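Working notes, beginning with the structure itself.
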Amino acid sequence: MYKIVFFGTSEFAVPSLKALMDDGRFEILGVVTQPDRPVGRHAVLTPPAVKLEIPAQAGIQILQPEKLKDESFQTWIKGVGPECDAFVIISYGKILPQWLLDLPKHGVINVHGSLLPRWRGASPIQAAIAAGDEKSGITIMQLDAYMDHGSIIRQIEEPIHADDIGSTLHDRLAESSGKYLPDILSDFLDGKIQPREQDHTAATYCQTLAREDGKLDFTKTATQLERLIRAYNPWPGTWMDFDGQRLKIISARIGAEDNAKSAGQKFSRDNTPCLACANGTILEITQLQPEGKSAMTGAEFLRGKRNWE
RNA sequence: CGCGGGAUAGAGCAGUUGGCAGCUCGCCAGGCCCAUAACCUGGAGGUCGCCGGUUCAAAUCCGGCUCCCGCAA
């Protein structure tokens, strides 16, 4: 049995953790995840998704160090690390320092949500949809000292559909990871797979996203914005200013062009609120959400808001 | 007790000097039309989130409560 320690925090890591827990080839000596954080409107202290997946009777040790330098964590990881075949890190949320990468026998294995070297960084799924990529996928790789830079063990492609939003692609990639990771990890540890170095000249990068990044810029084309709206749904979401408030745009489609409209102009067509974008391209808003209100369709929005045009 | 918006017909919203509850849709019936998601006529559908208070009279003023949501984290 291979001994591993699992580092992971968010939903993306859950299918992989479950797959490894259920697989007799692996013994999980511990799960390292972020501390419980205040979440939501009333800042309720909430455990990370990964922690919630671990049944109490599994007897798996859970560690939630605030910092990797915490003395108790260091003592534990340095004790258990050298007997590990590998650490598996998926969506953990911290950069692992070199001393930690050096602990396990075969290093640290990472799953990244893109086909590296494309989309290194913190938001590969949103970046792929926003860029109009036709396919995405997961990369199982060795972690080295640079971000998403290590040698590739294996990649699994996943097509991006025209109606994919951030969460749907996220979920498929997470499932894909859970489905393939155990076998690939096992083969790698058996020495059956020789990792290959990335083509670093082909690397592209994406940033950590914040809510501000979701502000729609109507000097872009409707095609670009429609992709962005899907990519950023549900996180970080896209929005525009209207009536002194923030209007979240949940979904939209591309309408027939109209060169008489100027970029950013609001109008309606067939009971659907529309926005003019670059070069006369038109975005038809199908679903949106005003501040303080629940999500509604574009037609519903127009019934109450007479000042859209 | 982090800041803020909201709850009125099936949906989206108006409605404060307190005085019979409205609009745009949808729905039902009928009409017009070759036809229609278009147009015309009529109709059904509300304990105005809940509890209490003030008043001759409360959607509206006062107090308490529940739920939904935007921001922030």
Side-chain angles (χ1 to χ4, degrees), chain A residues 7-14 32-52 62-70 91-95 121-123 125-126 130 165-168 170 206-218 225-226 228-258 264-275 282-309:
Chain A
F7 292 69
T9 299
S10 73
E11 290 287 344
F12 190 72
V14 167
V32 184
T33 189
Q34 295 276 342
D36 295 4
R37 300 289 189 200
V39 167
R41 216 165 343 253
H42 302 293
V44 178
L45 205 58
T46 305
V50 157
K51 184 181 177 183
L52 295 173
I62 300 172
L63 296 100
Q64 298 180 276
E66 191 65 51
K67 296 180 176 181
L68 295 176
K69 291 177 181 173
D70 287 355
S91 178
Y92 171 57
K94 288 187 192 301
I95 304 293
S123 56
I125 296 170
Q126 289 95 331
I165 62 175
S167 58
T168 55
H170 167 281
C206 52
Q207 309 291 315
T208 300
L209 296 175
R211 275 231 157 79
E212 264 324 286
D213 297 319
K215 181 168 184 172
L216 295 176
D217 174 4
F218 297 108
L225 293 179
E226 189 273 339
L228 193 73
I229 290 165
R230 285 189 289 114
Y232 284 14
N233 182 358
W235 173 259
T238 48
W239 53 277
M240 61 181 285
D241 291 319
F242 174 68
D243 223 8
Q245 292 192 317
R246 184 175 288 213
L247 188 62
K248 295 179 81 170
I249 306 300
I250 297 169
S251 67
R253 58 172 179 251
I254 296 164
E257 297 192 8
D258 183 348
Q265 187 176 347
K266 300 185 289 288
F267 63 101
S268 64
R269 181 197 276 170
D270 297 333
N271 290 323
T272 302
C274 298
L275 288 159
I282 302 298
L283 205 57
E284 297 182 350
I285 304 173
T286 50
Q287 205 172 16
L288 46 67
Q289 180 174 19
E291 256 180 54
K293 296 291 185 178
S294 306
M296 64 184 78
T297 65
E300 288 169 334
F301 175 74
L302 282 182
R303 266 176 228 144
K305 284 275 191 280
R306 300 290 189 68
N307 56 341
W308 175 251
E309 302 192 49

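Lettering of chains follows the sequences in order, A, B, ..., and the numbering in each one begins at 1. Values reported hereafter were calculated over all heavy atoms of this structure, with side chains retained and with hydrogens, waters and symmetry mates removed. Source: prediction; values computed, not measured.
Pairing for B:C39 goes to B:G31, judged as Watson-Crick or G-U wobble with the two contacts each under 3.5 Å. Using N1 to N3 plus N6-O4 or O6-N4 for Watson-Crick, or N1-O2 and O6-N3 for G-U wobble, each under 3.5 Å, B:G26 pairs with nothing. With a cut-off of 3.5 Å on both Watson-Crick or G-U wobble distances, the partner of B:G70 is given as B:C3. Remark: B:U16 base-pairs with no nucleotide in the shown strands. Criterion, Watson-Crick or G-U wobble with two distances under 3.5 Å. Of the nucleotides present, B:G53 is the one that pairs with B:C61 by Watson-Crick or G-U wobble criteria, both distances under 3.5 Å.
Across the C1' atoms, B:G63 and B:G12 are found 31 Å apart, a figure rounded to whole Å. For the P atoms, the distance linking B:A59 with B:C25 amounts to 28 Å, nearest Å. The separation of B:G42 from B:U24, taken at their P atoms, amounts to 13 Å, rounded to a whole angstrom. Only the C1' atoms considered, B:C23 is 16 Å distant from B:C48, to the nearest whole Å. Nucleotides B:A58 and B:U41 are separated by 36 Å at their P atoms, to the nearest Å. The gap from the C1' atom of B:C62 to that of B:G30 amounts to 50 Å, rounded to the nearest Å. A gap of 16 Å separates the P atoms of B:C33 and B:C40, to the nearest Å. A gap of 16 Å separates the P atoms of B:C28 and B:A44, to the nearest Å.
Between A:Q64 and the options A:D70, A:D36, A:T33, a side-chain hydrogen bond (donor to acceptor under 3.5 Å, both in side chains) holds for only A:D36.
With hydrogens and angles ignored, no donor-acceptor pair under 3.5 angstrom links the side chain of A:R41 to the base of B:G2.
Residues A:K248 and A:A295 both approach RNA chain B. Their nearest nucleotides, taken by heavy-atom distance, put A:A295 toward the 5′ side. The nearest heavy atom of RNA chain B to A:R211 and to A:M296 marks one nucleotide each, and the one closer to the 5' end goes with A:M296.
One can place NE2 of A:H42 at 12 Å from C1' of B:C3, the figure rounded to the nearest angstrom. In this structure, A:D213 atom CG and B:C71 atom P are separated by 14 Å, rounded to whole Å. Computed from coordinates, the A:F301 CZ to B:U24 C1' distance equals 14 Å when rounded to whole Å. Rounded to whole Å, the distance from CH2 on A:W308 to C1' on B:U24 is 18 Å. Here B:C3 presents its C1' atom at 14 Å from CZ of A:R246, a figure rounded to the nearest Å. Residue A:L302 contributes atom CG, which lies 16 Å from atom C1' of B:A14 at whole-angstrom precision. Atom CD in A:E212 sits about 11 Å away from atom P in B:C71, given to the nearest Å. One can place CG of A:L288 at 14 Å from C1' of B:G70, the figure rounded to the nearest angstrom.
Distance check, rounded to the nearest 0.5 Å: CG of A:L283 to CZ of A:F218 gives 7.0 Å. With rounding to the nearest 0.5 angstrom, the CD atom of A:Q287 is 10.5 Å from the CD1 atom of A:I249.
The pair A:E291-A:R246 fails the salt-bridge criterion, with no side-chain N (NZ, NE, NH1 or NH2) lying under 4.0 Å from an Asp/Glu carboxylate O.
The shortest distance between the side-chain N/O atoms of A:R303 and the OP1/OP2 oxygens of B:C23 is not below 4.0 Å. Between A:K293 and B:A7 there is no side-chain N or O to OP1 or OP2 distance below 4.0 Å.
With contacts defined as side-chain heavy-atom distances shorter than 4.5 Å, the pair A:F12/A:I125 qualifies. Between A:I229 and A:L216, the closest side-chain pair of non-hydrogen atoms falls below 4.5 Å.
Contacts of A:Q289 with the nucleic acid, taken as non-hydrogen atoms under 4.0 Å apart, involve only primed sugar atoms and P, OP1 or OP2.
Counting heavy-atom neighbours within 6.0 Å of A:L45 CG, excluding the residue itself, gives a total above 12.
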